[in-house]
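Residue numbers begin at 1 in each chain, while the letters A, B, ... track the order of the sequences. Heavy atoms only: backbone and side chains are in, while hydrogens, waters and symmetry mates are out.
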There are 2 protein chains.
Amino acid sequence: MRPNKKDELVEKALEVFYRNGFHATGMDLLVRETCVSKTSMYKHFRTKEELILAALQLRDLRFRGWYTARVAALATTPQDQLLVMFDALGEWFREDGFCGCMFVKASAEFQHPDHVIHQQAAAHKHLLLDYVTGLARAAGYPDPETLARQLLLLKEGAITAAVMGDSADPAGDAKAAAAILLAAARAVA
Amino acid sequence: MRPNKKDELVEKALEVFYRNGFHATGMDLLVRETCVSKTSMYKHFRTKEELILAALQLRDLRFRGWYTARVAALATTPQDQLLVMFDALGEWFREDGFCGCMFVKASAEFQHPDHVIHQQAAAHKHLLLDYVTGLARAAGYPDPETLARQLLLLKEGAITAAVMGDSADPAGDAKAAAAILLAAARAVA
DNA sequence: CTCAAGATTTACCGATCAGTACAGTTACTG
DNA sequence: CAGTAACTGTACTGATCGGTAAATCTTGAG
């Protein structure tokens, strides 16, 4: 049971779950794609649910890492970062293989709020909210909590729009709206 | 084959799919819940996919009917309706048994953009966009298309937030943000 | 080399999946 | 009443679901 083997399994599972969905992906398929036997798979993860949770955790770390780094690269001041977070979003939308937010999909497939998977998905969103709230506070806005929640509404809405194809440039729409909200929030200060 | 029997089946399927998910709901369960034999079920709908499409169509008609009626009841002018659409949204969130947008969930479970179910889900969102664009145009805003797209970002984001529990009152946050966007759009005119 | 301990594979479990063959039942026609 | 056409219920199909028992292979110690 090499420790890196387990990571490979999670990696592959993440990819397949993201592309295929959770219920629609059977353990047999995962076993086939990872070139590992079923028993070995179940040695690493006692249930499918455990594997899903591991995949979501990896996704959370990776996405938040990429996203915050990208935002930091695109702008230096918290004020500007609140805007370029929508540019980073647009880059994500245009990536090959983009098909929505894994956590939204997870909570859609495991709907019950008490379900572990649903809660882990919600936790990811909460961490993102904390991140944006921190930016808003650092930028000196009054009521950074409300501002962050509203910016996240735009972000989540843009993801949905990107998946459902309502708009040619959902991230751009969101960024324009965000600029208005930011200006208005600043005026109140 | 009474015509109303088919409607009952769609009705029940809609409820179970909404509560349980699509892949997670087997035809056996639906047959059990509708008190109809499997053969009869497959007489009305040749495949599960056909049943899902019928359920989505009913949901589309019903939700848009309810939503536009509720908005019309809460305000008379298009200008005010663009705001109270978020009050109606909040009422929906607080309904018993609310568990997100059926079309978002459908497109999450049937991800491929070419899939019939995905497209039918996208069509619903497009009809809603047309509705809001119409309101924005009637209210006399310049660039009603962009304004409508941005308001819908807030609406979709609020739905996600309501499902994932980021916020105590996502509809209220969205309404406040919408008010700012509306004022800014008016100022440009 | 021998031999035990751990990891891996094969083959399988009962349950459930979407979908169907066929016999039985009903209801309308003459 | 007989005949028939439409409908319904039972019982089943092969495939796949998540998960496992027992056999096989690998490995390191003595």
Side-chain angles (χ1 to χ4, degrees), chain A residues 1-57 105-106 108-112 114-118 120, chain B residues 1-57 105-106 108-112 114-118 120:
Chain A
M1 198 193 303
R2 293 154 291 188
N4 55 333
K5 189 67 184 176
K6 184 167 182 173
D7 295 345
E8 282 177 34
L9 296 184
V10 181
E11 183 103 26
K12 190 70 185 176
L14 168 54
E15 176 202 322
V16 180
F17 281 138
Y18 181 60
R19 180 164 30 88
N20 250 53
F22 298 96
H23 284 110
T25 301
M27 292 300 270
D28 295 277
L29 173 64
L30 288 170
V31 162
R32 227 174 299 135
E33 294 236 2
T34 51
C35 297
V36 101
S37 79
K38 213 165 181 182
T39 310
S40 300
M41 179 70 89
Y42 275 95
K43 268 281 192 297
H44 293 295
F45 310 95
R46 281 178 309 175
T47 62
K48 183 182 183 182
E49 179 176 296
E50 209 170 271
L51 176 57
I52 293 177
L53 288 172
L56 286 180
Q57 188 185 345
K105 296 195 286 190
E109 290 208 48
F110 304 90
Q111 303 198 48
H112 200 299
D114 295 342
H115 197 295
V116 207
I117 294 179
H118 189 102
Q120 183 152 335
Chain B
M1 197 193 301
R2 295 153 288 187
N4 55 333
K5 187 68 182 175
K6 184 166 182 174
D7 296 344
E8 281 177 36
L9 295 184
V10 181
E11 182 102 27
K12 191 70 185 176
L14 167 56
E15 176 202 322
V16 180
F17 281 137
Y18 181 61
R19 180 163 31 89
N20 250 53
F22 297 96
H23 283 112
T25 300
M27 292 299 271
D28 295 279
L29 172 62
L30 287 171
V31 160
R32 227 174 300 133
E33 293 237 1
T34 52
C35 296
V36 101
S37 80
K38 213 165 182 182
T39 311
S40 301
M41 178 70 89
Y42 275 94
K43 268 279 192 298
H44 293 295
F45 308 96
R46 279 178 310 175
T47 62
K48 183 183 183 181
E49 179 176 298
E50 208 169 271
L51 176 59
I52 292 177
L53 288 173
L56 287 180
Q57 189 184 346
K105 296 195 286 190
E109 289 208 48
F110 304 90
Q111 303 197 49
H112 200 300
D114 296 342
H115 198 294
V116 208
I117 294 177
H118 189 103
Q120 183 151 335

A:Asp28 has an atom CG; how far is it from atom P of C:dT9, in whole Å? 15 Å
List for me each residue that meets side chain to side chain donor-acceptor pair (under 3.5 Å) alongside A:Glu50, sequence neighbours excluded, and say none if there are none. A:Arg46
What bend angle does the helix from C:dC1-D:dG30 to C:dG30-D:dC1 show across its length, from five-pair end axes and to the nearest 10 degrees? 20°
side-chain contact (heavy atoms from CB on, under 4.5 Å) filter on A:Glu49, not counting sequence neighbours, yields A:Thr47, A:Leu53, A:His115, A:Val116, A:Ile117
Quick one: B:Leu29 CG to C:dA15 P, roughly how many Å, whole number? 18 Å
What's the NE2-C1' distance between B:His44 and D:dT8, to the nearest Å? 10 Å
Near DNA chain D, under 4.0 Å by heavy atom, which residues of residues 32-42 of chain A? A:Lys38, A:Thr39, A:Tyr42
Quick one: are B:Leu51 and B:Phe17 in side-chain contact, heavy atoms under 4.5 Å? yes
Rounded to whole Å, please give me the gap between CE in A:Met27 and P in D:dT20. 10 Å
A:Glu49 atom CD is separated from D:dG19 atom P, nearest whole Å, by 9 Å
From NE2 of A:His23 over to P of C:dA15, roughly how many Å is that when rounded to an integer? 20 Å
Euclidean distance, atom CD of residue A:Glu109 to atom P of D:dC17 [Å, nearest integer]: 14 Å
What I'd like to find out is whether the side chain of A:Phe22 reaches to under 4.5 Å of the side chain of B:His23, using heavy atoms alone. no
Side chains of residues 30-38 of chain B: which donor-acceptor pairs under 3.5 Å do they make with residues two or more places apart or in other chains?
{"unit_1": "B:Glu33", "atom_1": "OE1", "unit_2": "B:Lys12", "atom_2": "NZ", "d": "3.4"}
{"unit_1": "B:Thr34", "atom_1": "OG1", "unit_2": "B:Leu30", "atom_2": "O", "d": "2.7"}
{"unit_1": "B:Thr34", "atom_1": "OG1", "unit_2": "B:Val31", "atom_2": "O", "d": "3.3"}
{"unit_1": "B:Ser37", "atom_1": "OG", "unit_2": "B:Ser40", "atom_2": "N", "d": "3.2"}
{"unit_1": "B:Ser37", "atom_1": "OG", "unit_2": "B:Ser40", "atom_2": "OG", "d": "3.0"}
{"unit_1": "B:Lys38", "atom_1": "NZ", "unit_2": "B:Asp28", "atom_2": "OD1", "d": "3.0"}

Quick one: CD on A:Gln120 to CD1 on A:Ile52, what's the gap to the nearest 0.5 Å? 10.5 Å
Residues in side chain to side chain donor-acceptor pair (under 3.5 Å) contact with A:Gln111, at least two apart in sequence or another chain: B:Lys105
Below 3.5 Å is the cut-off: list the nitrogen or oxygen pairs between protein and nucleotides 13-15 of chain D, distance only.
none

Rounded to whole Å, how long is the line connecting atom CG of A:Leu30 with atom C1' of D:dC17? 13 Å
Shortest non-hydrogen contact between A:Ala24 and A:Asn20, atoms and distance: CB-O, 3.4 Å
Hits for ring pair (Phe, Tyr, Trp, His ring centres under 6.0 Å) against B:His112, two or more places apart or cross-chain, chain-then-number order -> none
Does B:Phe45 reach the side chain of B:Val10, with side-chain heavy atoms less than 4.5 Å apart? yes
